[in-house]
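Below is one structure; the comments refer to it alone.
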Amino acid sequence: MQLPVINRSRHPLPEYQTAHAAGLDVRANLDEPVVLKPLQRALIPTGLFMEIPVGYEMQVRPRSGLAYKHGIGIVNSPGTIDADYRGELKVLLVNLSDTDFVVQDGERIAQLVVARHEVIEWQPAETLSETARGAGGYGSTGVQ
Ligand SMILES: O=c1ccn([C@H]2C[C@H](O)[C@@H](COP(=O)(O)OP(=O)(O)OP(=O)(O)O)O2)c(=O)[nH]1
Ligand SMILES: [Mg+2]
């Protein structure tokens, strides 16, 4: 898929790091490092502006390495970038560790997954089909 992008950052465009990676790693575009104290969040700019094809969305997902090693997550994970959004792509990082984390300019902070989505029309109904699960959820099938 061709995806129009304006790169106003000082970094290369997000890239797939391996042959069949689902996500493109995106970099922070910062004039100076951002310090995230424990439980602090910050909207990190990327300097990227894009035009996602209609019928697709872009998901902004955490990187497991940052999550595991430093407790860095994304507050609204997965972030949703709409096809009609023309603003700057930003990443809402949160520090879930008990120590400060410094986001550096150019650091790969998240990964972007482009996915197709349906557009639905509600079909108001009085009844729904019966299933074995029914209304069971929230652990109704047990843990083992
Ligand atoms: O991680 C994110 C999430 C969203 N956005 C941008 C693109 C998206 O299309 C827009 C709106 O996002 P969303 O619908 O999640 O936010 P909202 O709180 O519903 O705001 P709005 O009322 O503007 O839709 O913000 C980002 O840059 N990064
Ligand atoms: Mg919205």
Side-chain angles (χ1 to χ4, degrees), residues 1-131 133-141:
M1 170 196 298
Q2 305 284 311
L3 201 152
V5 61
I6 298 172
N7 186 359
R8 296 201 176 116
S9 80
R10 56 185 83 81
H11 307 294
L13 286 172
E15 284 178 352
Y16 297 110
Q17 300 293 314
T18 60
H20 303 299
L24 303 114
D25 283 3
V26 63
R27 297 175 187 274
N29 189 56
L30 297 168
D31 293 332
E32 52 196 48
V34 171
V35 179
L36 282 180
K37 295 186 184 306
L39 294 183
Q40 216 179 14
R41 60 186 184 267
L43 202 50
I44 306 294
T46 67
L48 300 174
F49 302 73
M50 50 192 77
E51 190 171 328
I52 296 160
V54 172
Y56 293 82
E57 54 139 353
M58 181 177 277
Q59 300 166 8
V60 185
R61 299 193 193 172
R63 292 189 65 207
S64 64
L66 281 179
Y68 178 57
K69 292 176 195 159
H70 303 290
I72 297 300
I74 295 179
V75 182
N76 58 326
S77 180
T80 304
I81 312 299
D82 301 291
D84 52 2
Y85 182 67
R86 297 292 177 268
E88 181 177 8
L89 173 71
K90 295 184 180 176
V91 181
L92 191 47
L93 292 185
V94 61
N95 180 0
L96 298 175
S97 78
D98 54 9
T99 54
D100 288 5
F101 180 79
V102 182
V103 186
Q104 304 285 354
D105 180 44
E107 185 164 1
R108 288 182 283 136
I109 52 171
Q111 55 186 323
L112 309 175
V113 175
V114 177
R116 202 189 288 264
H117 69 84
E118 300 291 334
V119 177
I120 64 129
E121 278 175 32
W122 292 113
Q123 186 187 350
E126 297 299 327
T127 58
L128 304 174
S129 68
E130 288 187 17
T131 68
R133 171 179 290 277
Y138 316 101
S140 69
T141 62

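Scanning both residues, Arg86 and Phe49, for their nearest heavy atoms gives O-CD2, 3.5 Å. Taking both residues in full, the closest heavy atoms of Val113 and Gly23 are given as CG2-CA, 3.9 Å, listed atom of the first, atom of the second, then distance. Between Gly106 and Arg27, the shortest heavy-atom contact is O-NH1, 2.9 Å. Minimum interatomic distance between Met58 and Val114 (heavy atoms only, all atoms of both residues): CE-CG2, 3.7 Å. Here the closest non-hydrogen pair linking Pro45 and Glu88 is CB-OE2, 3.2 Å.
In this structure, the side chain of Arg10 engages the main chain of Leu30 through a donor-acceptor pair within 3.5 Å. Proximity of a side-chain donor or acceptor of Gln111 to a complementary backbone N or O of Pro62 within less than 3.5 Å is detected. For the pair Asp105 (side chain) and Glu32 (backbone), a donor-acceptor distance under 3.5 Å is absent. With hydrogens and angles ignored, the 3.5 Å screen pairs a side-chain donor or acceptor of Arg63 with a backbone N or O of Arg108. When atom types are taken as modelled, the side chain of Arg133 and the backbone of Glu130 share no donor-acceptor pair closer than 3.5 angstrom. Between the side chain of Glu57 and the backbone N or O of Ala115, no donor-acceptor pair lies under 3.5 Å.
Arg61 places a side-chain heavy atom less than 4.5 Å from the side chain of Pro78. Annotation: side chain of Leu24 is not in contact with side chain of Glu15 (no heavy-atom distance under 4.5 Å). By the 4.5 Å heavy-atom criterion applied to side chains, Val91 and Leu43 are not counted as neighbours. Under the 4.5 Å side-chain criterion, counting only non-hydrogen atoms from C-beta, Leu36 is not in contact with Asp100. Side-chain atoms of Phe101 and Leu66, non-hydrogen and from C-beta on, do get closer than 4.5 Å to each other. A 4.5 Å side-chain heavy-atom check between Tyr56 and Met1 finds at least one atom pair inside the cut-off. Under the 4.5 Å side-chain criterion, counting only non-hydrogen atoms from C-beta, Ile72 is in contact with Asn95.
For the atom pair CG (Leu112) and CE (Met50), the distance works out to 6.0 Å, reported to the nearest 0.5 Å. Distance check, rounded to the nearest 0.5 Å: NE2 of His117 to CG of Asp82 gives 7.5 Å. Atoms CG and CG, on Asn7 and Leu13 in that order, are 4.5 Å from each other to the nearest 0.5 Å. Note that the CD1 atom of Ile81 and the CD1 atom of Ile52 stand 6.0 Å from one another [nearest 0.5 Å]. Taking CD1 of Ile74 as the reference point, atom CG of Leu96 lies at 11.0 Å (rounded to 0.5 Å).
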- Message: I'd like to know whether Val60 forms a side chain to side chain contact (heavy atoms under 4.5 Å, CB included) with Asn76, so could you lay out the CA-CA distance, the side-chain angles of the two residues, the decisive distance to 0.1 Å, and finally the verdict.
- Response: CA-CA 9 Å; Val60 185; Asn76 58 326; over 6 Å; no
